[in-house]
Amino acid sequence: MREKTNYILQFLRDVAAHNDREWFAAHREQYEEARGYFEEMVYALIHRIAVFDESVARLSVKDCTYRFYRDTRFSADKSPFKSHFGAYVNAKGKKSWHSGYYFHIEPGACMLAGGSWCLPSPLLKAVRQSVMDEIDEFRGIVEKKEFRTAFPVIGETRLKTLPKGFPKDFPYPDYLKPKNYSVCRMVPDDFFGSEDWLERTAAVFELMKPFNDFVNYTIDDFE
């Protein structure tokens with residue numbers, strides 16, 4: 001496994017250093033090999049996650065992976081290619097608001113993440129309302145020692161004050177401030193090269209599952 005992971009990482013370093021179409025065309029074979037190794041990992045991960053979350057069992061690798069070409073239409077950065085491989089194992093699709101499990105390989109920025117991003121305002125408000133209404137259940141998930149060790153922060157970005165419409169005397173304001181209900185664990189590059197990477201990754205995602213389930217109670221009803 002280490003050799004394949006190192007190949008992926010080296011290819012991504014090369015892309016970052018030579019991010020143009022001419023270089024990529026000349027190294028298309030390396031891309032295909034690196035992508036193939038990554039897709040092998042994704043296939044194994046889908047089936048391993050299905051052991052504790054059977055809702056993802058029918059997903060294919062294609063259901064979970066993304067194009068390597070960047071959409072540069074609205075970006076100041078016109079680099080044509082990504083510098084990472086990512087997969088979102090999500091029972092309702094990688095474009096769904098439904099919470100899932102995100103697997104990301106990028107030199108110096110490998111991560112395991114999950115939850116929901118970019119929720120529309122009405123849905124984000126509904127999730128916050130669920131957190132407030134079921135605060136004991138929510139705290140029981142996110143304040144467990146193992147969960148907090150793996151995911152010390154909830155939400156990629158947060159409000160500085162309580163969102164409008166919520167009582168200012170709510171005793172756990174930090175749980176209402178996230179702009180997205182997601183969690184993330186950064187891991188070193190060699191994490192995915194270890195022989196037990198699959199079990200270690202599954203253990204992190206299994207810790208995440210109750211959090212995803214809580215958020216999905218609201219999201220799935222809303223959708």
N-O pairing of E39 and K62 below 4.0 Å | no
How close do [X] and [Y] get, heavy atom to heavy atom, and via which atoms?
{"X": "R70", "Y": "S79", "answer": "NH1-O, 2.6 Å"}
{"X": "M111", "Y": "C184", "answer": "SD-SG, 3.8 Å"}
{"X": "C64", "Y": "L59", "answer": "SG-CD1, 3.9 Å"}
{"X": "R185", "Y": "V204", "answer": "NH1-CG2, 4.1 Å"}
{"X": "I154", "Y": "V142", "answer": "CD1-CG1, 3.6 Å"}
{"X": "I141", "Y": "P210", "answer": "CD1-O, 3.5 Å"}

Do the side chains of [X] and [Y] join up, straight or via other hydrophobic residues, at under 4.5 Å, putting them in one cluster?
{"X": "L12", "Y": "F24", "answer": "yes"}
{"X": "V153", "Y": "L124", "answer": "no"}
{"X": "F214", "Y": "F52", "answer": "yes"}
{"X": "M186", "Y": "W197", "answer": "no"}
{"X": "V187", "Y": "Y102", "answer": "no"}

Hey, are the side chains of [X] and [Y] touching, using non-hydrogen atoms and a 4.5 Å cut-off?
{"X": "F211", "Y": "F138", "value": "yes"}
{"X": "C110", "Y": "I105", "value": "yes"}
{"X": "D174", "Y": "R158", "value": "yes"}
{"X": "N19", "Y": "P80", "value": "yes"}
{"X": "R21", "Y": "F81", "value": "yes"}
{"X": "R48", "Y": "T201", "value": "no"}
{"X": "K92", "Y": "W97", "value": "no"}
{"X": "F205", "Y": "M208", "value": "yes"}

Check for a donor-acceptor pair, side chain of [X] on one end and backbone N or O of [Y] on the other, with a separation under 3.5 Å.
{"X": "K125", "Y": "K164", "result": "no"}
{"X": "K94", "Y": "T65", "result": "yes"}
{"X": "S99", "Y": "N216", "result": "no"}
{"X": "N180", "Y": "C118", "result": "no"}
{"X": "D190", "Y": "G193", "result": "no"}
{"X": "D53", "Y": "I49", "result": "no"}
{"X": "R128", "Y": "P178", "result": "yes"}

Check whether more than 12 heavy atoms from other residues, nucleotides or ligands sit under 6.0 Å from atom [atom1] of [X], and answer yes or no.
{"X": "R13", "atom1": "CZ", "value": "yes"}
{"X": "K78", "atom1": "NZ", "value": "yes"}
{"X": "K177", "atom1": "NZ", "value": "yes"}
{"X": "E54", "atom1": "CD", "value": "no"}
{"X": "Y43", "atom1": "OH", "value": "no"}

Is the centre of the Y88 ring less than 6.0 Å from the centre of the Y101 ring?
-> no
Is the H27-Y31 ring centre distance short of 6.0 angstrom?
-> no
Report the C-alpha separation of Y37 and E33 in whole Å, then their side-chain angles, then the decisive distance to 0.1 Å, and conclude whether the side chain to side chain donor-acceptor pair (under 3.5 Å) test is met.
-> CA-CA 6 Å; Y37 291 153; E33 190 167 2; 2.8 Å; yes
Calculate, to the nearest 0.5 Å, the distance between atoms [atom1] and [atom2] belonging to [X] and [Y] respectively.
{"X": "Y181", "Y": "Y175", "atom1": "OH", "atom2": "OH", "value": "10.5 Å"}
{"X": "Y7", "Y": "L9", "atom1": "OH", "atom2": "CG", "value": "12.5 Å"}
{"X": "T157", "Y": "K179", "atom1": "OG1", "atom2": "NZ", "value": "5.0 Å"}
{"X": "H98", "Y": "N212", "atom1": "NE2", "atom2": "CG", "value": "7.5 Å"}
{"X": "R2", "Y": "T5", "atom1": "CZ", "atom2": "OG1", "value": "8.0 Å"}

Could you walk me through whether T218 and Q129 pass the side chain to side chain contact (heavy atoms under 4.5 Å, CB included) check?
-> CA-CA 9 Å; T218 299; Q129 186 69 49; over 6 Å; no
List for me each residue that meets side chain to side chain donor-acceptor pair (under 3.5 Å) alongside R139, sequence neighbours excluded, and say none if there are none.
-> E143, Y172
Going by atom types alone, do D133 and S130 pair a side-chain donor with an acceptor below 3.5 Å?
-> no
Could you go step by step and tell me if D14 and Q10 meet the side chain to side chain donor-acceptor pair (under 3.5 Å) rule?
-> CA-CA 6 Å; D14 292 343; Q10 187 56 55; 3.0 Å; yes
For residues 202-212, the salt bridge (Lys or Arg N to Asp or Glu O under 4.0 Å) pairs (sequence neighbours left out) are K209-D213
Using the side chain to side chain contact (heavy atoms under 4.5 Å, CB included) rule, take D221 and Y217 through it: C-alpha gap first, then chi angles, then the decisive distance, then the call.
-> CA-CA 6 Å; D221 284 346; Y217 293 151; 5.5 Å; no
Using salt bridge (charged side-chain N to carboxylate O under 4.0 Å, His left out) as the criterion, list what pairs up with R58, not counting sequence neighbours.
-> none
Scan F191, Y66, F192, F85 and name whichever one has a ring pair (Phe, Tyr, Trp, His ring centres under 6.0 Å) with F103.
-> F192
Among V127, T161, L159, L162, the one residue meeting side chain to side chain contact (heavy atoms under 4.5 Å, CB included) with L176 | L162
Pair I219-L119, side chain to side chain contact (heavy atoms under 4.5 Å, CB included): steps then yes or no | CA-CA 9 Å; I219 290 176; L119 296 176; 4.1 Å; yes
